[in-house]
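Written below as structure tokens is the structure these notes are about.
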Amino acid sequence: QVQLVESGGGLVQPGGSLRLSCAASGRIFSIYGMGWYRQAPGTQRELVAVITSGGSTNYADSVKGRFTISRDNAKNTVYLQMNSLKPEDTAVYYCNGNIRTSATMPSSYSYWGQGTQVTVSS
């Protein structure tokens with residue numbers, strides 16, 4: 001089994017910063033793309049940022065220039081540095097990983113963390 005565990009959420013004032021972490025553990029052969037998604041009450045889950053195993057990144061327009069995604073392949077960990085936070089960034093943030101669990105089976109699967117709450121409010 002594979003587990004993704006997020007940390008780093010919390011309450012922050014507008015204009016502030018937070019850094020989210022997501023560590024993958026368990027039966028892991030290789031991790032391909034990793035990403036962060038978020039879901040605010042009454043809305044659908046949306047992509048925030050993704051990063052490939054080679055370090056290429058892609059961001060939602062709403063967070064470009066404010067958020068930075070990075071990863072440490074040796075630690076199976078992905079990060080999301082969030083700066084200049086706005087109230088509209090308030091949501092549960094979920095980590096996602098496309099993970100291959102076997103050296104003999106080429107298939108990879110999508111795994112999700114349990115989510116971490118980010119609240120931006122004065």
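Computed from a predicted structure; not experimentally measured. The residues of the chain are indexed from 1 along the displayed sequence.
- In this structure, the side chain of E6 does not engage the main chain of C22 through any donor-acceptor pair within 3.5 Å.
- A donor-acceptor pair under 3.5 Å is formed between the side chain of T77 and the backbone N or O of K75.
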What verdict does the side-chain contact (heavy atoms from CB on, under 4.5 Å) test give for S21 and Y79, after you've listed the backbone C-alpha separation in whole Å, the side-chain angles of each residue and the deciding distance to 0.1 Å? CA-CA 5 Å; S21 299; Y79 305 96; 3.3 Å; yes
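- Shown here for S62 and R38, the closest heavy-atom pair between the two residues is OG-NH2, 3.4 Å.
- Between K64 and D61 a salt bridge is recorded (basic side-chain N to carboxylate O distance below 4.0 Å).
- The minimum heavy-atom distance between T101 and V2, with the atom names listed, is CG2-CG2, 3.7 Å.
- The heavy-atom pair separating Y94 from G115 by the smallest distance is CD2-CA, 3.6 Å.
- In terms of heavy atoms, A40 sits closest to T90 at CB-O, 3.7 Å.
- Of the possible polar contacts, none joining the D89 side chain to the V120 backbone as a donor-acceptor pair under 3.5 Å is found.
- Here the shortest heavy-atom pairing between Y93 and F67 reads OH-CE2, 4.1 Å.
- V50 has its side chain out of reach of Y59: every pair of non-hydrogen atoms, C-beta onward, lies at least 4.5 Å apart.
- Scanning both residues, S108 and R100, for their nearest heavy atoms gives CB-N, 3.9 Å.
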